[in-house]
Amino acid sequence: MLILCSNDDGYLASGLHTLVAAARTFAEVCVVAPDREQSATSHALTMHTPLRAHRIDGGTFAVTGTPTDCIALALGALLDRRPDFVLSGVNHGPNMGEDVLYSGTVAAAMEATILGVPAVAVSYAGEDPAGIGEYGAMLQDLLPQLVGQRNFPRETLLNVNLPPIPPAEAKGVLITRLARRVYVDSLTRATDPRGRPYYWIGGGGVEWTAPEGTDFHAVERGYISVTPLHLDLTNHALLADVERWNLHL
Ligand code: MN
């Protein structure tokens, strides 16, 4: 089995190294990852500048682009054969609720899914990435259970979040849906030294609406959260309602 690993924190990130080490215990592994941090780049594709891939060693490439670029280049050009699976992460920080829409980690898994390769995104929901390394042994047990599924769903990726506690204290695995997250005062306006206004996105507070059964609820209580994410964003339940609006020319 060949597994392609990628991330959005860059090829030097410790979370990626933990993921690669765990995957190497049960599969052949290659790595195609951004050459620098590309967090919150979502599903961006680089289309207006050339991309370059630098071979770091036999099976590792650092790409001058986004996580989505990495998957596209890996499958289209860099790898000798098609990988059986894509693993993205382990992201330095959580990817729950609406954050999956901004996440480069999730986007890499999503791009693989679009291109027909089953994929899992893994994120660590703690502030300090030093805690990720402790999850190496647990990932060696958990990842083969996901990668080994004979009926891995089509057009669906799995989004895994690890709680920010020592893995020995984790209570188990819960299958979840996305919580709702609202950023509060996340836009900062200030004045630069030349007297001009500037703006900074992020840094405010976060409020969660996270009932039982959601990813945030599970991780808050010390569980590993696994959320199946479908590529189809259609609100199927609303199709008939919007039909009744009788939109016309
Ligand atoms: Mn990241």
Side-chain angles (χ1 to χ4, degrees), residues 3-23 29-46 51 53-54 56 60-74 86-114 119-136 138-139 142-143 146 157-165 178-179 181 183 186 200-206 208 215-216 219 224-227 229:
I3 291 182
L4 167 63
C5 290
S6 191
N7 74 347
D8 75 358
D9 297 318
Y11 78 104
L12 294 173
S14 65
L16 175 64
H17 296 159
T18 298
L19 186 73
V20 167
V29 177
C30 52
V31 177
V32 181
D35 67 348
R36 67 200 70 188
E37 172 154 8
Q38 293 277 358
S39 293
T41 54
S42 186
H43 213 114
L45 266 183
T46 301
L51 290 167
H54 301 287
I56 305 301
T60 302
F61 294 88
V63 171
T64 60
T66 65
T68 302
D69 294 331
C70 289
I71 301 303
L73 253 67
V86 168
L87 298 175
S88 181
V90 175
N91 187 58
H92 299 187
N95 277 310
M96 302 184 287
E98 286 91 337
D99 280 342
V100 302
L101 298 174
Y102 304 95
S103 166
T105 306
V106 173
M110 195 170 285
E111 182 67 10
T113 305
I114 289 169
V120 175
V122 186
S123 302
Y124 176 72
E127 299 277 318
D128 184 0
I132 299 174
E134 297 178 44
Y135 269 91
M138 193 225 71
L139 289 171
L142 182 64
L143 293 175
L146 303 173
L157 63 102
L158 296 182
N159 186 45
V160 177
N161 279 276
L162 308 172
I165 55 176
L178 295 177
R181 188 266 295 119
Y183 282 114
S186 69
W200 202 298
I201 294 175
V206 177
W208 285 90
D215 50 5
F216 185 82
V219 166
I224 293 154
S225 166
V226 178
T227 309
L229 296 179

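Note that the numbering runs from 1 along the sequence shown for the chain. All values reported here derive from a predicted model rather than from experimental measurement. Atoms within each ligand, like the ligands themselves, are counted from 1 in listed order.
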Checking Leu87 against Val20 for the side chain to side chain contact (heavy atoms under 4.5 Å, CB included) test, could you report, in this order, the C-alpha distance in whole Å, the side-chain angles of both residues, the deciding distance, and whether it holds? CA-CA 9 Å; Leu87 298 175; Val20 167; over 6 Å; no
Which residue in the set Asp8, Asn7, Thr41, Asp9 passes side chain to side chain donor-acceptor pair (under 3.5 Å) when paired with Thr105? Asp8
With no hydrogens and no angle check, do the side chains of Asn95 and Ser103 hold a donor and an acceptor under 3.5 Å apart? yes
Checking only N/O/S atoms, does Asn7 have one that is under 2.8 Å from the Mn ion (ligand 1)? no
Where the side chain of Gln38 meets the backbone of Gly65, is there a donor-acceptor pair that is under 3.5 Å apart? yes
At the Mn ion (ligand 1), OD1 of Asp9 and OG of Ser39 open up to roughly (10° bins) 80°
Please determine whether Thr105 has a backbone or side-chain N, O or S atom lying under 2.8 Å from the Mn ion (ligand 1). no
Hey, is the Mn ion (ligand 1) within less than 2.8 Å of some N/O/S atom on Asp8? yes
